[in-house]
> 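Here you go, one structure.
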Amino acid sequence: MSVKIKGFCCNYTASVGVEALKEAGLVPEDFDMVRLPCTGRLEVQDLLEAFEKGADAVFVAGCMIDTCHNMSGSKRAAKRVGYAKKIIQELGMDQGLVEMFFVGRGETGPVVEAVREMVSRAEAADS
Amino acid sequence: MSQSGAIMVLGGGVAGVQTALDLADLGYYVYLVEKKASIGGVMAQLDKTFPTNDCSL
Amino acid sequence: MIIAERKPVNELLDMISGVKKLLVLGCRGCVAICSAGGDKEVGIISAALRLGRSRMGEPIEIEEATLVRQCDPEYLEPLPDMAKDYDAVLSTACGVGVNFIADRCEGVNVLPGLNTTFYGANLSSGEWIEMCAGCGSCVLHLTGGLCPVARCAKSLSNGPCGGSTGGKCEINPSVPCVWHRIYDKLMDRKEEKRLQEIMPIRDWTTAGHGGPRRRLREDLLP
Amino acid sequence: MYCPKVVVDTYNERLDITSATHIDYAQAIPASYYIDAKECLRLNYETCNLCAQTCTAKAIDFSQKPKKLKLDVGAVVLTPGFGKVDDSVLEKFGYGKYPDVVTSYEFERLTCASGPTEGHVVRLSDHREPKKIAFLQCVGSRDETCGNGYCSTVCCMYALKEASVAKEHDPDLDVTIFFMDVRTQGKGFDEARKRAVEKYGINVVRARVPRVDEIDGRLGLTWVTDDGKSHSGIFDMVVLSVGLDAPEDAQKIADIAKIELNNYEFCQTTPGQPLATSRDGIYVAGAFQGPKDIPESVTQASGVAAMASELLAEGRNTRTVTLTYPDEDTALEAEEPRIGVFVCHCGVNIAGTVDVKAVRDYAGTLPNVVLYEDTLYSCSQDALKTIAGKIKENRLNRVVIAACSPRTHEPLFQETLRSVGLNPALIEMANIRDQCAWVHAQEPEAATEKSKDLVRMAAAKARLLEPLEQPTVDVTPSALVIGGGASGMGAALSIAEQGYKCVLVEKSDKLGGNLARLTWTMDGQDAAKVLKDLTSRVKKNKNIEVLLETEVEAISGYVGNFSTTVSREGKTEIINHGVVVLATGGKEYKPNTYLYGENNRVLTQLELEQKLKRGKSFLKGANNIVMIQCVGSRGDDMSHCSKLCCTQAVKNALKLKEAKPDATVYILYRDIRTFGFYEDLYREARKQGVQFIRYTLDRKPEVLKAGRGIKVRVYDSLIGEDIDIPANLLVLSTGIAPGENEALAKIIKAPLTSDGFFLEAHAKLRPVEVAVDGVYLCGLAHGPKSLEECMAQAKAAAAKAVIPLAKGRVAVAPIVSRVNQDTCIGCGICESLCPFKAIEIVKVGKKRKAQTITASCKGCGICASHCPTLAISMGGFTDDAIMAQIHAFAGDNCGEEA
């Protein structure tokens with residue numbers, strides 16, 4: 001069974017587009033990513049709704065904590081991911097199904113790795 | 001003072017080699033000075049040349 | 001303000017089992033400020049509940065709304081009309097809000113979304129601390145503005161207990177001993193005389209152990 | 001071979017290893033091993049010494065120390081070439097971090113058969129073949145952030161070349177080149193670009209890629225196109241088209257030579273004197289003068305030779321030494337053929353497909369073959385020495401080289417024969433590289449069999465080769481320069497300064513040509529001043545005779561002995577001269593589109609310049625000025641790029657902004673081709689607010705009448721719709737059309753390009769020579785170019801033209817037709833067919849007989865093949881020898897009946 005992964009990233013991470021990544025077979029077809037001006041804009045509700053809309057795992061890829069374009073955006077995002085973890089845990093889900101990744105400016109490689117990590121977590125949770 | 005019939009060419013790439021050849025043909029003695037152990041410069045590293053794809057060497 | 005916190009999601013899910021249409025009703029008063037029941041929290045709780053129910057294979061229809069205050073009749077007025085299409089209303093106000101709705105709005109099945117915890121203040125972002133017990137007889141003028149009723153674990157009136165060490169409370173060493181702080185403060189203000197005075201035995205009748213308290217003000221009554 | 005110290009191979013761009021003692025590449029000159037002093041264990045740690053002990057020739061002497069030499073020279077030519085862009089500039093593209101991001105130099109080595117991967121393009125990370133390659137242009141060029149604001153001029157071309165070569169290796173390869181502008185402005189380059197793009201299906205994207213991202217061992221790129229849309233893609237390999245930097249030691253050279261550098265640390269020169277440094281007697285050529293390609297470097301090299309030759313005309317031949325050859329051993333040549341066959345591996349070029357050893361052994365079975373050997377690279381210096389030794393040792397009198405093309409390499413082997421006292425005609429080559437190894441690369445056995453066939457045929461012919469005479473003829477020591485523009489005057493001046501008489505023929509009534517129509521040079525200097533300087537020097541020079549209002553009617557003769565009929569004021573005159581320089585110029589293209597000629601607000605760039613020079617009053621109320629590029633050029637009217645219009649437009653836009661700062665100037669263009677340092681002008685224009693709008697061929701701008709005014713409609717891809725610009729002034733960049741070259745081309749028998757310009761003898765290596773010996777070419781007659789390039793080319797043509805004059809005699813190729821006058825019946829067919837006017841009918845006694853003008857004969861053999869009495873034979877290609885080859889092809893080894 002294929003798992004559905006939803007990602008959130010900021011303007012400064014993952015410069016290569018999802019379509020190109022899919023075309024090159026680097027990410028699964030059932031992967032979708034939302035680009036925000038800054039991951040600091042992200043809300044806990046967005047993460048929960050991603051699950052609600054069918055995602056098996058959700059991740060956020062923001063800037064490295066000390067090089068966030070907006071100073072503390074990715075730090076905030078990480079905390080919100082933490083709260084989302086708590087809520088899904090209360091719901092009996094594996095809190096690893098939502099995760100924050102810190103990525104160097106413009107880099108796409110670590111984001112693709114994040115997708116793969118989430119795929120394997122989702123598959124493990126599914127089995 | 002009589003003029004020298006010799007010329008120094010500094011650099012043995014394609015420009016230097018061509019200058020030296022023409023000067024020799026024109027009746028001058030040429031000192032072709034090159035840092036490396038062989039002449040040819042960057043052109044010797046090229047495989048083919050644009051636009052005819054002629055061999056570079 | 002009144003401090004409250006979200007009930008665990010599974011407890012809420014239990015509470016709403018069988019409910020098909022739910023209104024999650026926020027309050028923009030104290031609970032909004034202490035990030036427990038404002039618009040944003042309503043969204044989070046709703047999302048969590050929808051997710052939980054859909055994972056249970058029992059999808060639920062949830063609407064979200066927020067009132068300015070749930071403890072004021074004028075804001076509560078439209079509620080019965082709003083609520084009539086729902087099996088239940090999950091109030092994310094403090095207990096006052098939930099009670100008030102239950103009291104006033106006939107036919108509304110109101111459920112608490114939060115645990116109301118204490119009267120407190122915002123210490124720093126994300127940290128609240130109790131400051132007042134609402135005992136009905138203030139002694140703050142005698143204690144440098146620091147309340148021994150709410151902030152002393154034993155609500156002592158005449159100085160610290162024997163367990164206060166290094167300025168910390170015996171019950172919870174991460175909490176400062178309020179009497180230690182009262183002492184420091186009064187000494188600084190050179191009001192050590194105050195400390196000599198023995199506080200009379202407290203009248204606890206105002207502390208609400210005799211049924212719900214009520215307050216009237218003649219000049220304002222209709 | 002014994003050197004134990006392993007070092008990185010810089011010739012192979014560090015992609016391979018070699019030892020501290022090595023030769024850079026097999027064909028290197030000199031081809032002797034050298035010791036890398038920085039790496040040698042003996043020199044650095046006083047250990048090892050293995051090489052000195054094993055060298056049987058005792059050729060290694062570690063006691064040698066560097067010596068200082070004092071050279072007495074009359075002039076210095078600086079040709080230090082270019083430096084490489086610092087690796088730190090490449091870092092942002094992941095170079096050094098991701099193994100599959102390579103420089104264009106490295107890629108060049110990867111595509112090269114003699115490179116570290118023997119020509120297989122592989123990823124350096126996993127040695128797998130890439131499926132998708134991206135070329136990123138303008139790395140270290142057109143980039144102020146790395147200090148290189150200029151355009152490196154050559155990268156667009158080499159990227160197209162490397163992409164084509166890669167596609168040739170693997171047709172399924174997906175190649176994308178990311179250009180900012182496609183700058184293929186050189187002669188014939190645009191056409192070559194189109195061919196390459198179409199033939200190989202290369203994707204052309206106009207965008208600059210800001211960074212490279214590694215994703216799971218592959219490379220992710222993002223880019224934004226003209227329409228503002230953002231795109232991304234994944235590639236297996238990224239090639240950085242690295243620009244040309246100033247030489248690393250430019251400042252040191254400048255300090256030593258006491259010359260000035262420009263702000264990019266290249267040599268400072270002027271458009272009028274592009275080859276002169278700021279110091280007399282020190283000249284510059286090649287990339288150090290500014291980034292440029294091979295033909296331009298070669299042109300400048302010849303030009304700079306002319307400069308030195310002008311300066312040192314009196315010193316000519318005072319220091320030269322003459323090369324002497326041993327006398328021809330005619331007795332040996334007359335003996336029964338003793339053939340030596342040398343089969344070349346050409347590295348893996350031949351040996352990779354053909355079984356060289358089998359071919360060699362087969363050669364041994366052929367009649368008269370007394371020696372058969374194989375060599376790794378026959379053309380390398382040591383191999384030639386070995387071959388010479390073997391010829392002597394075995395008293396060979398015929399040689400067969402089975403290697404590559406005689407076109408490129410036969411002279412080299414002929415020289416070897418001469419050095420051992422054999423007539424150079426006694427060699428025959430079999431091209432087993434192109435004709436066997438390359439075309440039958442997929443079927444090695446058949447390639448080997450075919451190689452045997454070719455060797456057998458060559459040997460059969462070799463048996464019948466005869467020594468040929470090396471005729472030479474005297475040279476009339478003067479030149480004829482046709483065309484009195486900047487190039488013609490430049491060439492005439494140089495020839496005259498070098499000490500030779502020169503006749504300068506000009507059709508019109510005054511000197512100057514297109515330079516007289518020009519107002520400013522590209523660097524904004526007064527063109528009239530350059531013109532005045534040239535004309536006054538021409539008029540003053542006693543070696544130059546200027547003939548105005550004179551036309552060339554006929555040219556007869558051959559290199560060294562031309563005789564030209566000119567007509568002047570109705571009278572004809574004959575001029576005798578040794579060489580010809582064609583400098584007939586070109587002309588501004590006059591369009592019949594865009595309301596040109598209908599509306600007086602529509603001008604050409606040259607017309608604008610002339611107006612601007614007279615004053616700026618005509619700009620009153622001109623708030624919107626539009627320029628349209630490539631009117632005529634790169635289209636249906638003229639397919640070529642006119643090379644200089646972009647720079648001219650940008651230069652004039654700046655002049656307009658200076659004259660009327662509040663005017664909006666629009667330049668509608670296809671690619672802005674401000675190559676080299678002209679890029680500075682482009683950047684300045686953008687800074688000054690000149691609006692650049694790119695258009696494509698399928699959406700050309702339209703010029704519409706709007707009341708009394710005009711309106712230019714152009715599609716703006718960024719906003720995605722047509723915009724109308726009310727133009728108070730419309731300036732058309734109309735480009736350069738060829739002059740009336742057809743008549744002259746027929747007279748000289750010089751070929752023209754499809755664009756109507758004269759065709760040079762070799763695009764790379766003989767850029768100012770024409771296929772007809774003794775005829776040279778410069779200026780706009782050769783193709784569109786700037787004044788600066790014209791001046792360099794004029795000097796180059798002058799250098800080439802003076803070579804035969806200075807030698808006094810010219811050698812004539814021995815492969816010429818010979819008429820057996822006993823059998824000739826004087827029918828004249830040969831005379832009428834000869835494309836070079838190299839055969840004529842003369843009276844011998846009372847009979848008409850054909851006679852070859854050996855100096856003009858190109859050895860094509862048309863005459864011989866048409867002679868009804870078989871009276872004409874070609875040296876080196878006698879009927880007997882050709883028949884013997886044909887018999888040998890049929891398997892008849894001996895060709896005995898011949």
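Since the model is a prediction, treat every value here as computed from it, not as a measurement. In what follows, every chain begins at residue 1, and chains take the letters A, B, ... in the order their sequences are listed.
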> Any idea which of D:N12, D:T299, D:D72 has the most non-hydrogen atom pairs under 4.5 angstrom with chain B?
D:D72
> About how many Å separate CE of B:M43 and CD1 of D:I294, when rounded to the nearest 0.5 Å?
4.0 Å
> Might you point out which heavy atoms bring B:A15 and D:G286 nearest each other, and give the distance in Å?
CB-CA, 3.9 Å
> Restricting to non-hydrogen atoms, name the atom on B:G11 and the atom on D:T79 that form the minimum distance, rounded to 0.1 Å.
O-OG1, 2.9 Å
> Between D:F82 and chain B, with a heavy-atom cut-off of 4.5 Å, which part of the residue counts as in contact: side chain, backbone, both or neither?
side chain
> Do you know which of B:G40, B:A20, B:A6, B:G5 has the most heavy-atom pairs with chain D at a distance under 4.5 angstrom?
B:A6
> Are the side chains of B:L26 and D:Q498 in contact, using a 4.5 Å heavy-atom criterion?
yes
> Select one option (side chain, backbone, both, neither) describing which atoms of D:L765 are under 4.5 Å from chain B's heavy atoms.
both
> For chain B, find which of D:E13, D:E162, D:Q300, D:E296 contributes the most heavy-atom pairs closer than 4.5 angstrom.
D:E13
> Might you point out which heavy atoms bring D:Y11 and B:A44 nearest each other, and give the distance in Å?
OH-O, 2.6 Å
> For a 4.5 angstrom cut-off between non-hydrogen side-chain atoms, does D:R319 reach B:Y28?
no
> How close do B:T19 and D:A305 get, counting heavy atoms only, and between which atoms?
O-CB, 4.1 Å
> Would the number of heavy atoms belonging to other residues, nucleotides or ligands and lying under 6.0 Å from OH of D:Y105 be above 12?
yes
> Quick one: of D:S302, D:G81, D:A806, who has the most non-hydrogen atom pairs under 4.5 Å with chain B?
D:S302
> Going by distance alone, is a donor N or O of one side chain under 3.5 Å from an acceptor N or O of the other, for B:Q45 and D:E108?
no
> Please say whether more than 12 non-hydrogen atoms of neighbouring residues, nucleotides or ligands are located less than 6.0 Å from NZ in D:K84.
yes
> Just verifying a value: how many Å separate B:L23 CG and D:M307 CE, rounded to the nearest 0.5 Å?
12.0 Å
> When heavy-atom pairs shorter than 4.5 Å are enumerated against chain D, which of B:A37, B:G12, B:A24, B:G16 gives the highest number?
B:A37
> Hey, could you give me the CG/CD1 distance between D:L312 and B:I7, rounded to the nearest 0.5 Å?
5.0 Å
> Report which part of B:Y31 has an atom under 4.5 Å of a heavy atom belonging to chain D: side chain, backbone, both, or neither.
side chain
> Pick whichever of D:N317, D:V154, D:L311 has the most heavy-atom pairs under 4.5 Å with chain B.
D:N317
> Would you mind telling me which of D:A75, D:S297, D:A799, D:G74 has the largest number of heavy-atom pairs within less than 4.5 Å of chain B?
D:A75
> I'd like to verify something: which residue of D:A285, D:G303, D:A313, D:A306 has the highest number of heavy-atom pairs under 4.5 Å with chain B?
D:A313
> Kindly indicate whether the side chain of D:D249, heavy atoms from C-beta on, has any atom under 4.5 Å from the side chain of B:K35.
yes
